[in-house]
Amino acid sequence: MSSMTWTAPAKVNLYLKVLGRRVDGFHDLESLMAPLSLADHLHFEKADAFELCCDSPGVPTDESNLVSKAVRIFQRVTGKDCHWRIRLEKNVPHGAGLGGGSSDAATALLALNELEQAGLSEEKLASMAAEIGSDIPFFIYQKICKIEGRGEVVRPVREDEVPGLLGTKILLLKPSFVVSTPDAYKHCMTATELPDVDYAPTPMPWGSMINDLERPVFRKYLFLAELKMWLRKQPEVETSMMSGSGSTMMAILADASQSDAVIRHAREELDPTLWAQLVTVC
Ligand SMILES: C[C@@](CO)(OP(=O)(O)O)[C@H](O)COP(=O)(O)OP(=O)(O)OC[C@H]1O[C@@H](n2ccc(N)nc2=O)[C@H](O)[C@@H]1O
Ligand SMILES: Nc1ncnc2c1ncn2[C@@H]1O[C@H](COP(=O)(O)OP(=O)(O)O)[C@@H](O)[C@H]1O
């Protein structure tokens with residue numbers, strides 16, 4: 001039987017301001033999040049029970065996978081069986097600050113809503129998503145959005161609020177290590193700056209690029225601070241900043257056709273194993 005395919009886009013945080021720690025242990029945020037052309041794919045096939053498989057070693061396929069959590073919540077809320085075999089095709093690196101797992105979960109909710117003809121509203125799906133993880137409601141909308149609260153307050157923005165952002169090309173560079181999100185938040189209110197690293201906001205037409213998680217993450221992973229500052233010194237690079245909790249670094253280039261040269265130099269001068277991809281905000 002042929003399968004039906006849904007696309008789960010990755011995201012970047014174009015700014016991420018941590019406003020303070022809350023009594024529930026989470027942090028209040030203000031963030032501008034944008035979906036990318038880089039995406040995972042979820043292939044659905046009718047089956048006798050729910051099954052999950054994944055082509056990528058290191059991604060769990062048990063109940064800890066965010067897709068399994070989405071299926072369980074959908075079953076609980078709608079009472080539907082959800083007897084589907086889901087094959088998860090991973091293209092988005094995990095532990096990367098690109099929200100791959102979160103997007104997979106949101107996409108599973110969107111797909112099941114259609115396949116099971118449940119008729120749940122976007123708002124209902126977003127509130128189910130928030131039960132699984134803070135980042136997941138954003139991926140229900142799959143549009144450029146401003147985020148508040150711990151991530152559950154999501155407002156899609158009009159194109160004229162973020163001039164020039166749609167269609168922007170961003171070079172993503174990621175070392176082979178991953179950063180854990182709880183770890184990034186743990187010291188975010190107290191971490192101090194490393195010398196010779198620029199944490200200041202970069203003004204862009206759509207808003208100032210700043211990431212308050214750089215302080216704690218750079219303290220632990222000096223290479224990421226080095227990568228950010230190395231990128232800033234390249235003539236092709238307009239600005240660079242970490243996405244979310246890392247370990248992916250974003251670079252905005254004056255001319256995106258120069259990305260291959262930047263990737264080649266970064267691999268020669270910093271780390272031959274860097275993962276790199278030029279993506280588009282969509
Ligand atoms: C940092 C961001 C930026 O978009 O994403 P990533 O870059 O990791 O993808 C998000 O805030 C991550 O969202 P998500 O990955 O869904 O986090 P959750 O699973 O809900 O929470 C993981 C842990 O992160 C911390 N956490 C998360 C969100 C938040 N607003 N405050 C927090 O303090 C908490 O310690 C929590 O236990
Ligand atoms: N569908 C999934 N895809 C990737 N990782 C998943 C998934 N479900 C659960 N995980 C776990 O979540 C962790 C974080 O993955 P992910 O959400 O992609 O990264 P990030 O929080 O950096 O954006 C992974 O290390 C993995 O163990």
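In each ligand, atom 1 is the first atom listed, and ligand 1 is the first ligand listed.
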- Message: Give me the nearest non-hydrogen protein atom to atom 7 (O) of ligand 1 as residue plus atom name, then the distance to 0.1 Å.
- Response: S245 N, 2.8 Å
- Message: Tell me the protein heavy atom at minimum distance from atom 9 (C) of ligand 2, and give that distance in Å.
- Response: L66 N, 3.6 Å
- Task: Kindly say whether D255 contributes a backbone atom to a donor-acceptor pair with the side chain of Q258 at under 3.5 angstrom?
- Result: no
- Note on the structure: ligand 1 to H27, heavy atom cutoff 4.0 Å, flagged ligand atoms 29 (C), 30 (N), 31 (N), 32 (C), 33 (O)
- Distance-only N or O hit between ligand 1 and S243, under 3.5 Å: no
- among protein heavy atoms, the one nearest atom 18 (O) of ligand 2 is G101 N, 2.9 Å
- Task: Report yes or no: does a heavy atom of S31 sit under 4.0 Å from some atom of ligand 1?
- Result: no
- Which one of L42, N65, I136, L52 has a non-hydrogen atom at the shortest distance from atom 1 (N) of ligand 2? N65
- Message: Show me which atoms of ligand 1 lie under 4.0 Å from any heavy atom of G25.
- Response: 33 (O)
- Item | K17 with D212: basic N within carboxylate O range, under 4.0 Å | no
- Query: Do NZ/NE/NH1/NH2 and the carboxylate oxygens of E131 and R76 come within less than 4.0 Å?
  - Reply: yes
- If you measure from each non-hydrogen atom of Y185 to ligand 1, which part falls under 4.0 Å: side chain, backbone, both or neither? side chain
- Item | Enumerated ligand 1 atoms positioned under 4.0 Å from heavy atoms of K11 | 3 (C), 4 (O), 5 (O), 6 (P), 7 (O), 9 (O)
- Who's the nearest protein heavy-atom neighbour of atom 10 (C) of ligand 1, and how far? D135 OD1, 3.4 Å
- Query: Relative to the heavy atoms of T181, which atoms of ligand 2 are at a distance of less than 4.0 Å?
  - Reply: 21 (O)
- Task: With heavy atoms under 4.0 Å as the rule, classify the contact between L88 and ligand 2 as side chain, backbone, both or neither.
- Result: side chain
- Using distance alone, decide if ligand 2 has a nitrogen or oxygen within less than 3.5 Å of any nitrogen or oxygen in V59. no
- Task: Below 4.0 angstrom from a heavy atom of L98, which ligand 2 atoms are there? Numbered from 1 as shown, please.
- Result: 23 (O)
- Task: Could you list the atoms of ligand 1 found under 4.0 angstrom from a heavy atom of L29?
- Result: 11 (O), 30 (N)
- Close approach of K90 to ligand 2, heavy atoms, under 4.0 angstrom: yes
- Message: Just to confirm my output: which protein heavy-atom neighbour is closest to atom 21 (O) of ligand 1, and how far is it?
- Response: F26 CE2, 3.8 Å
- P60 N/O under 3.5 Å from ligand 2 N/O: no
- Just need the protein heavy atom nearest to atom 19 (O) of ligand 1, so name the residue and atom and give the distance. G133 CA, 4.3 Å
- Message: List ligand 2 atoms under 4.0 Å from G97, heavy atoms only on the residue side.
- Response: 20 (P), 22 (O), 23 (O)
- Closest protein heavy atom to atom 23 (O) of ligand 2, given as residue, atom name and distance to 0.1 Å: G99 N, 2.7 Å
- Message: Please list the nearest protein heavy atom to atom 25 (O) of ligand 2 with its residue and the distance rounded to 0.1 Å.
- Response: H94 ND1, 3.3 Å
- Intermediate values then yes/no, side chain to side chain contact (heavy atoms under 4.5 Å, CB included), L98 and S243: CA-CA 7 Å; L98 298 174; S243 177; 4.3 Å; yes
- Message: Heavy-atom distances under 4.0 Å decide this one: backbone, side chain, both or neither, for N13 against ligand 1?
- Response: side chain
- Does P93 reach ligand 2 with a nitrogen or oxygen that is under 3.5 Å from one of the ligand's nitrogen or oxygen atoms? no
- Which residue owns the protein heavy atom closest to atom 12 (C) of ligand 1, what's the atom, and how far is it? T181 CG2, 3.6 Å
- Got the closest protein heavy atom to atom 23 (C) of ligand 1, with its distance? P182 CG, 3.9 Å
- Would you say atom 11 (C) of ligand 2 touches the protein, meaning some protein heavy atom is under 4.0 Å from it? no
- Closest non-hydrogen protein atom to atom 18 (P) of ligand 1, residue and atom name please, with distance? S134 OG, 3.8 Å
- Query: Does the N or O separation between V179 and ligand 2 drop below 3.5 Å for any pair?
  - Reply: no
- Message: Side chains of T181 and S245 only: does a donor on one sit below 3.5 Å from an acceptor on the other?
- Response: yes
- Query: Going by distance only, is there an N or O of G95 that falls short of 3.5 Å from an N or O of ligand 2?
  - Reply: yes
- Less than 3.5 Å between some nitrogen or oxygen of D104 and one of ligand 2, yes or no? yes
- Quick look: I147 vs ligand 1, heavy-atom contacts under 4.0 Å, and the answer is neither
- Message: Can you tell whether the side chains of R215 and E193 come within less than 4.0 Å, N to carboxylate O?
- Response: yes
- Task: Please identify which atoms of ligand 1 are closer than 4.0 Å to at least one heavy atom of G244.
- Result: 7 (O)
